[in-house]
Enquirer: 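This is the structure, below, for whatever I ask next.
In what follows, residues are counted from 1 in the order of the sequence shown.
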Amino acid sequence: MLESHEINTIQEARNQGLKTFLIRVKLLKDTQLKGVRAYMVFTKLEEYGEILKSIPASELLEKGEFEHSFELVFITKEQEEGIIEDIQNISEVEDVTIEPIGDFASTNSPRTTMTSSDTQTVVLATPNNIKEVNAPETNTVQKETAKKESPKKEEPVETSETEKKYIVFQVGSEELALPIDYVMSIERSMKITRVPNVHAFILGVINLRGIVIPVIDLKHKFTYTYSEMTDASRVIICRFENIEVGFVVDSAKDVLTVKNKFIENAPDIEKSAATEFIKSLIHLDKRIIILLDVMKLFKGSDLN
């Protein structure tokens with residue numbers, strides 16, 4: 001049910017020539033990280049326009065507190081075909097339905113649908129590939145004029161209340177994390193081609209959408225023992241300074257939003273193969289998650 005102010009926003013968007021859609025996303029029933037998938041849908045859609053409303057609320061979606069489907073009211077200037085295709089490319093999305101919102105008295109709007117159950121890629125947006133979108137607002141013309149005339153805003157200062165998102169995953173008995181800004185996708189286990197004369201922790205390379213990416217076994221890098229590949233195993237594709245690398249982990253667990261005040265400096269302990277790459281610790285109640293240093297992880301893998 002749309003509130004009156006939401007209806008007004010949609011009406012104004014239509015008057016400006018923008019499109020409004022009701023998007024329904026259905027995940028596979030065995031999806032492990034529903035919150036991650038919902039977050040990826042939100043991130044992808046924000047490249048195209050503005051999400052006006054979600055059902056359930058975005059906070060519940062991000063926590064994975066929903067069954068296997070959700071709805072979004074979306075405003076954009078783009079065509080629905082490209083939007084559907086991008087959402088469909090997100091791993092474990094079973095069905096995407098996009099329905100134009102037109103006359104509120106009519107319930108027989110045309111519908112476009114695409115379904116698939118074998119896509120494997122979770123595409124994550126980065127600050128470098130997010131496009132500027134003309135999102136509708138009340139008094140848009142005046143606000144856009146004021147925006148052009150206003151001075152450039154300074155970057156926000158980080159405080160203890162500043163929040164950041166992290167991908168949490170399991171390697172052996174440890175919970176580890178990486179900033180989500182560096183994570184490009186999360187892949188299921190795939191064919192790895194062996195490469196001769198490389199470090200033992202480099203399992204080989206994979207061909208991901210035409211790009212050859214080296215794959216590193218984090219467990220072997222830290223403990224000198226190889227990971228056992230299971231149905232839960234994942235390859236986390238990361239990018240740092242235009243280099244893409246896949247890291248094999250035992251499972252991808254969650255996306256956490258963490259305030260800076262819960263991040264502690266790593267203890268001063270004897271350096272080893274594992275501790276060398278520890279940047280800090282995320283301390284949440286009795287849960288301690290090791291935050292890895294992305295730069296050291298890449299530089300220490302001789303991939304440059």
Side-chain angles (χ1 to χ4, degrees), residues 1-31 33-119 121-125 129-141 143-144 165 255:
M1 178 72 67
L2 291 173
E3 303 292 337
S4 60
H5 69 278
E6 294 167 341
I7 294 176
N8 290 337
T9 301
I10 292 174
Q11 300 277 27
E12 183 179 350
R14 292 176 59 198
N15 292 339
Q16 296 177 29
L18 299 175
K19 304 177 183 70
T20 56
F21 297 111
L22 176 64
I23 300 177
R24 297 183 178 92
V25 180
K26 181 180 179 182
L27 304 179
L28 296 173
K29 289 185 178 180
D30 61 349
T31 300
L33 302 175
K34 294 188 294 183
V36 175
R37 305 307 180 222
Y39 175 78
M40 301 312 156
V41 172
F42 269 68
T43 303
K44 179 54 62 177
L45 285 178
E46 286 170 354
E47 297 182 35
Y48 288 98
E50 177 188 20
I51 298 171
L52 180 62
K53 185 173 186 176
S54 68
I55 306 171
S58 59
E59 294 82 4
L60 297 178
L61 291 177
E62 190 169 314
K63 294 177 182 178
E65 296 178 2
F66 62 100
E67 291 298 325
H68 297 283
S69 62
F70 54 93
E71 297 182 347
L72 303 167
V73 178
F74 185 62
I75 300 174
T76 183
K77 62 180 179 181
E78 307 296 336
Q79 296 296 326
E80 57 263 44
E81 288 80 7
I83 298 172
I84 292 177
E85 183 178 357
D86 271 359
I87 299 177
Q88 197 65 59
N89 283 334
I90 296 176
S91 178
E92 298 180 302
V93 170
E94 180 180 31
D95 178 270
V96 180
T97 300
I98 186 166
E99 181 178 334
I101 298 176
D103 187 350
F104 288 97
S106 172
T107 57
N108 297 319
S109 302
R111 177 177 296 183
T112 306
T113 306
M114 288 180 62
T115 61
S116 173
S117 59
D118 57 1
T119 53
T121 304
V122 179
V123 181
L124 289 142
N129 64 17
I130 295 178
K131 300 183 292 184
E132 183 177 357
V133 179
N134 294 324
E137 293 181 338
T138 305
N139 299 323
T140 301
V141 175
K143 290 192 176 184
E144 286 299 318
K165 293 183 182 294
V255 171

Enquirer: Taking all heavy atoms of Gly49 and all of Phe74, pick out the closest pair and write down the distance.
Expert: N-CZ, 3.5 Å

Enquirer: Check this for me: does any side-chain nitrogen of one of Glu94 and Lys29 sit under 4.0 Å from a carboxylate oxygen of the other?
Expert: no

Enquirer: Counting C-beta onward and ignoring hydrogens, is there a side-chain heavy-atom pair between Leu27 and Val93 closer than 4.5 Å?
Expert: yes

Enquirer: Does the side chain of Ile87 reach to within under 4.5 Å of the side chain of Ile23, using non-hydrogen atoms?
Expert: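 Yes; the side chains approach each other to less than 4.5 Å.
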
Enquirer: Could you tell me the separation between the CD atom of Glu6 and the CD1 atom of Ile75, rounded to the nearest 0.5 Å?
Expert: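 The distance works out to 9.5 Å.
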
Enquirer: Please report the interatomic distance CD1(Ile51) to OG1(Thr76), rounded to the nearest 0.5 Å.
Expert: 11.0 Å

Enquirer: Only one of Thr97, Val25, Ile55 passes side-chain contact (heavy atoms from CB on, under 4.5 Å) with Glu71; say which it is.
Expert: Ile55

Enquirer: May I ask you to test the Leu52-Thr20 pair for a side-chain heavy-atom distance under 4.5 Å?
Expert: no

Enquirer: Working to the nearest 0.5 Å, report the span between CG of Leu72 and NZ of Lys53.
Expert: 11.5 Å

Enquirer: Output the distance between atom CG (Leu28) and atom CG (Asp95), rounded to the nearest 0.5 Å.
Expert: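 So the CG of Leu28 and the CG of Asp95 are separated by 10.5 Å.
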
Enquirer: Nearest heavy-atom pair of Phe70 and Pro56: which atoms, and what distance?
Expert: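 That would be CB-CD, 3.9 Å.
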
Enquirer: State, yes or no, whether a side-chain contact exists between Phe66 and Leu60 at a heavy-atom distance under 4.5 Å.
Expert: no

Enquirer: Kindly indicate whether the side chain of Glu81, heavy atoms from C-beta on, has any atom under 4.5 Å from the side chain of Glu85.
Expert: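 No, every pair of side-chain atoms sits at 4.5 Å or beyond.
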
Enquirer: If the condition is side-chain hydrogen bond (donor to acceptor under 3.5 Å, both in side chains), which residues does Gln79 pass it with, not counting sequence neighbours?
Expert: none

Enquirer: Evaluate side-chain contact (heavy atoms from CB on, under 4.5 Å) for Val41 paired with Leu61, printing each intermediate quantity in order.
Expert: CA-CA 10 Å; Val41 172; Leu61 291 177; over 6 Å; no

Enquirer: Please identify each residue that fulfils side-chain hydrogen bond (donor to acceptor under 3.5 Å, both in side chains) with Lys165, with sequence neighbours left out.
Expert: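 Listed in chain order: Glu62, Thr257.
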
Enquirer: Between Val73 and Leu22, does a side-chain contact (heavy atoms from CB on, under 4.5 Å) hold up when you go through it step by step?
Expert: CA-CA 5 Å; Val73 178; Leu22 176 64; 4.2 Å; yes

Enquirer: Measure the CD-CD1 distance between Glu80 and Ile98 for me, rounded to the nearest 0.5 Å.
Expert: 5.5 Å

Enquirer: Kindly compute the distance separating OG (Ser54) from CD (Glu59), expressed to the nearest 0.5 Å.
Expert: 7.5 Å

Enquirer: Looking only at heavy atoms, which two atoms of Phe21 and Glu78 are closest? And how far apart?
Expert: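 Nearest pair, atom of Phe21 first, then Glu78: CE1-O, 4.1 Å.
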
